[in-house]
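Remarks on the structure that follows.
So that the names make sense, note that chain A is the first sequence line, chain B the second, and so on, each numbered from 1. Just so you know, these numbers come straight off a predicted model, no measurement behind them.
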There are 2 protein chains.
Amino acid sequence: MEKVTVYTIAKNLGVAPSTVSKILRHTGNFSDDLRLKVLAYIKDIGYVPNASARVLKSRKSWTIGVIYTEESKIGLEHPLFSNILQTFKDSVEREGYDISFIVRQIGDNHMSYLNWCKNKKVDGVLIVVGSPYNPEVIELVNSDIPCVSTDIVKEHLHTIISDNRQGIELSINHALELGKKRIGMITGPLTATHLLYRFNVYKEVLKEKNIPFDEKIVISSKGFGFNSGYEAATILLDRNEEKPDLLLVGSDILAFGAIQAIVAKGLRVPEDIAVIGYDDIIFASMARPSLTTIRQNTKEIGKVAAEVLLDMIENNKPNHTAITRIPVELIKRQTT
Amino acid sequence: MEKVTVYTIAKNLGVAPSTVSKILRHTGNFSDDLRLKVLAYIKDIGYVPNASARVLKSRKSWTIGVIYTEESKIGLEHPLFSNILQTFKDSVEREGYDISFIVRQIGDNHMSYLNWCKNKKVDGVLIVVGSPYNPEVIELVNSDIPCVSTDIVKEHLHTIISDNRQGIELSINHALELGKKRIGMITGPLTATHLLYRFNVYKEVLKEKNIPFDEKIVISSKGFGFNSGYEAATILLDRNEEKPDLLLVGSDILAFGAIQAIVAKGLRVPEDIAVIGYDDIIFASMARPSLTTIRQNTKEIGKVAAEVLLDMIENNKPNHTAITRIPVELIKRQTT
DNA sequence: TTGTATGCGTTATCAC
DNA sequence: GTGATAACGCATACAA
């Protein structure tokens with residue numbers, strides 16, 4: 001099987017290579033005769049264009065880089081992020097773009113995010129999981145490569161993220177409707193910007209509702225896992241005579257840990273302490289008691305992120321500070 | 001900022017472009033003086049090589065294609081597959097390879113898996129989720145592009161997969177130790193080769209142990225989700241006077257559905273019916289009752305798959321029929 | 001509407 | 001040890 005290029009085709013058909021190229025790229029006008037003849041021959045001979053040559057010449061790679069895992073290594077293992085990436089991938093695919101994971105190891109020497117992107121000539125970048133303080137992320141965002149994020153909020157970055165204010169408001173309103181008076185909170189680590197944001201909103205909404213803020217029923221977990229939730233809830237319960245009657249928890253996973261801790265103290269969910277999670281991962285509906293939670297619309301986040309990024313790429317828009325908030329939804333289940 | 005290429009470097013340093021290239025690729029011998037001088041200058045001027053040009057010339061892309069989602073669209077959303085991919089990615093990264101999702105849409109026209117791979121000149125392919133009957137998968141596996149799979153078993157394909165015989169044996173032995181006599185099974189859809197395999201092993205092991213096979217306590221679920229498990233268990237329970245006292249279930253997710261169905265019938269888990277799942281997804285330990293299950297070693301699967309594929313790539317080994325089985329582990333929890 | 005010439009940035013090959 | 005040169009496959013400006 002000979003390697004077949006535009007040249008082969010051109011020669012065998014008695015036309016010029018450029019003609020073949022133009023027909024393939026739908027650029028320029030050609031007689032239907034010629035076009036069909038070339039297309040038919042290409043299919044017949046099994047010609048496949050060479051992406052490298054094309055990228056080299058045209059400076060466009062039709063590839064989007066994805067930052068998906070940092071030091072934390074949660075990346076692919078967190079269902080929330082996987083879901084967002086899946087929708088994003090489907091959306092950009094439809095426009096002809098591929099997805100490639102950004103890596104900082106080429107052979108045995110380290111390569112920065114930005115250099116990797118330059119090396120691969122990616123057209124844009126999606127930051128699904130990243131640290132806003134990582135110098136390499138900063139460098140990338142400040143470059144002229146279009147970036148969007150579905151995670152971190154930063155200067156010069158367009159972020160597509162859940163409407164976390166709405167999430168907290170929905171939670172607190174639901175709690176009040178249930179007649180709950182002592183609404184506590186277990187946040188995740190406050191180093192995560194969106195968790196800090198939610199905590200601040202929590203305090204603001206309490207103030208608006210004239211509910212006193214009591215720091216004794218608020219705690220920040222050490223990590224993001226089940227055990228962190230268990231641990232945080234245990235500490236919180238131990239230090240309170242007058243326990244909270246409802247807990248807002250930073251994620252569903254943490255919430256499951258907290259529920260176990262509550263049960264371990266001999267208290268009932270939701271009778272003694274109700275629990276509202278965040279995310280609506282698939283297990284929220286499967287667990288018993290099933291978890292009342294704030295559903296993040298991962299499909300919409302992925303889809304909008306794709307739209308924003310492709311718009312930047314195709315219309316040459318530079319990186320800019322922006323936040324697009326995607327509405328969330330309160331899903332009432334058995335824990336409230 | 002001028003674009004800087006090997007040519008620029010060569011000119012400014014008074015050497016030949018080929019020399020620069022060779023120093024960068026650690027190929028050929030050079031005086032330490034020259035090498036250090038070139039390396040220093042490259043760092044100084046901020047040179048980033050162009051991957052396309054390199055691929056074009058050298059015919060090696062340092063990229064591995066991943067088939068991760070087919071019609072089913074489960075792909076990224078299934079934690080088992082995500083975990084395998086994560087480890088695989090980490091392993092190949094360390095050797096300098098990137099991961100790129102294989103896509104069949106380039107611009108507005110469809111492209112087969114094989115053509116995509118040729119187009120991108122990928123060095124190898126990992127099939128994380130695929131159908132063994134898909135003509136495009138078959139075409140790819142029969143090509144000279146190295147492939148491994150962590151999912152499907154096929155001619156001409158090296159598959160790295162859990163030791164499912166061991167998994168079934170461990171489950172049944174555990175059941176017998178618990179004094180269970182009527183061991184039923186809820187398999188997933190038997191169109192999945194590994195699920196069919198497990199079902200066959202189940203029958204074999206029963207025979208070895210002289211336990212009669214009763215098709216009334218065996219059922220195949222319609223799908224892979226929680227509801228499929230619920231539905232299958234309900235049907236199974238409804239049609240039996242003498243109910244099973246233990247159920248082997250094809251996956252943890254299905255098992256959770258089955259447990260709900262059992263409870264809905266007013267039966268207790270594990271007292272009336274014990275349940276053993278498969279996979280050990282993270283929720284297995286979080287649920288109440290926590291799920292006894294067969295843990296698949298996703299890290300090992302991903303790691304071995306990387307080793308096998310890189311060996312094929314780097315030593316020019318063609319596709320071949322093979323199965324590497326990774327040991328599983330019985331995790332005893334509250335459902336038994 | 002079609003063809004010609006050139007270059008994208010790198011590396012393989014051969015020569016010195 | 002180091003350099004000159006061609007070629008990888010395609011797309012573009014320009015010419016016809």
Side-chain angles (χ1 to χ4, degrees), chain A residues 1-39 41-42 45-63 106-107 115 117-123, chain B residues 1-39 41-42 45-63 106-107 115 117-123:
Chain A
M1 212 163 73
E2 295 291 311
K3 74 190 74 161
V4 19
T5 74
V6 280
Y7 264 91
T8 330
I9 299 166
K11 192 152 69 178
N12 292 357
L13 250 42
V15 298
S18 59
T19 306
V20 177
S21 172
K22 283 178 201 155
I23 287 178
L24 275 163
R25 298 293 141 227
H26 316 100
T27 150
N29 274 352
F30 293 93
S31 66
D32 276 0
D33 264 16
L34 220 200
R35 151 173 287 115
L36 292 175
K37 187 167 137 201
V38 169
L39 257 28
Y41 186 68
I42 279 173
I45 200 175
Y47 163 77
V48 180
N50 180 315
S52 310
R54 195 146 98 88
V55 172
L56 182 59
K57 186 66 196 170
S58 68
R59 271 93 198 295
K60 179 160 170 74
S61 64
W62 294 94
T63 297
I106 298 286
N115 280 354
C117 291
K118 286 182 174 170
N119 175 259
K120 290 299 178 87
K121 290 265 176 300
V122 294
D123 298 325
Chain B
M1 212 162 73
E2 294 292 309
K3 75 189 73 161
V4 21
T5 73
V6 279
Y7 212 81
T8 329
I9 299 166
K11 193 153 70 177
N12 293 354
L13 252 41
V15 300
S18 56
T19 305
V20 176
S21 171
K22 283 175 202 155
I23 288 179
L24 275 164
R25 298 295 143 224
H26 315 102
T27 149
N29 272 354
F30 292 93
S31 67
D32 276 0
D33 262 15
L34 221 201
R35 152 174 285 115
L36 292 176
K37 187 167 137 199
V38 169
L39 257 28
Y41 186 67
I42 278 173
I45 201 175
Y47 162 77
V48 180
N50 180 317
S52 309
R54 188 145 101 93
V55 173
L56 181 59
K57 185 64 195 174
S58 70
R59 273 97 195 292
K60 179 160 171 74
S61 64
W62 293 95
T63 297
I106 297 286
N115 280 353
C117 290
K118 285 182 174 170
N119 175 259
K120 290 299 179 86
K121 291 264 177 300
V122 294
D123 298 325

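- Residue-level contact check: S21(A) touches the bases, meaning some heavy atom is under 4.0 Å from a base atom.
- Counting non-hydrogen atoms under 4.0 angstrom, L34(B) reaches the backbone sugars and phosphates but no base.
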- Query: Should I23(B) and I42(B) be marked as a side chain to side chain contact (heavy atoms under 4.5 Å, CB included) after you check the CA-CA gap, both sets of side-chain angles, and the distance that decides it?
  - Reply: CA-CA 11 Å; I23(B) 288 179; I42(B) 278 173; over 6 Å; no
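- Atom C1' of nucleotide dG9(D) and atom CD1 of I42(A) are separated by 14 Å, given to the nearest angstrom.
- Looking at every heavy atom in both residues, T5(A) comes nearest to T8(A) through N-OG1, 2.8 Å.
- Checked by distance alone, K22(B) brings a side-chain donor or acceptor within 3.5 Å of a matching partner on the base of dG3(D).
- From the 5' end on, the contacts that DNA chain C makes with chain A at under 4.0 Å to a non-hydrogen atom open and close at dT1(C) to dG9(C).
- Here the shortest heavy-atom pairing between R35(B) and F30(B) reads NH1-O, 3.7 Å.
- Each of S58(B) and K121(A) lies near DNA chain C, and the nucleotide nearest K121(A) is the one positioned closer to the 5' end.
- A pairwise comparison of heavy atoms in A53(A) and L56(B) identifies CB-CD1, 3.7 Å as the closest pair.
- For Y7(B), no side-chain nitrogen or oxygen approaches OP1 or OP2 of dT5(D) to under 4.0 Å.
- The CG atom of L24(B) sits 15 Å away from the P atom of dT2(D) (whole-angstrom rounding).
- Heavy atoms only, all atoms of each residue included: W62(B) and D123(B) are closest at N-OD2, 2.6 Å.
- In this structure, NZ of K57(B) is placed 11 Å from C1' of dG9(D), rounded to the nearest angstrom.
- Going from atom CG of L56(A) over to atom P of dT12(D) covers 12 Å, rounded to whole Å.
- Scanning both residues, Y41(A) and I9(A), for their nearest heavy atoms gives CD2-CG2, 3.8 Å.
- Dashed line: the shortest gap from a side-chain N or O of R54(B) to OP1 or OP2 of dC8(D) is not under 4.0 Å.
- Residue N119(B) comes nearest to V48(A) through the heavy atom pair N-CG1, 3.6 Å, listed as atom of the first residue, atom of the second, then distance.
- T63(B) places a side-chain N or O within 3.5 Å of a backbone atom of S61(B) that can act as its donor or acceptor partner.
- Taking atom CG of residue N119(B) and atom P of nucleotide dC10(D), one finds them 9 Å apart after rounding to whole Å.
- Protein atom NZ of K60(A) is 12 Å distant from nucleotide atom P of dT12(D), rounded to whole Å.
- Sorted by residue number, the members of residues 10-19 of chain B with any non-hydrogen atom under 4.0 Å from DNA chain D read G14(B), V15(B), A16(B), S18(B), T19(B).
- Between the side chain of S58(B) and the backbone N or O of R54(B), at least one donor-acceptor pair lies under 3.5 Å.
- Distance R25(A) CZ to dT12(D) C1': 13 Å, rounded to the nearest Å.
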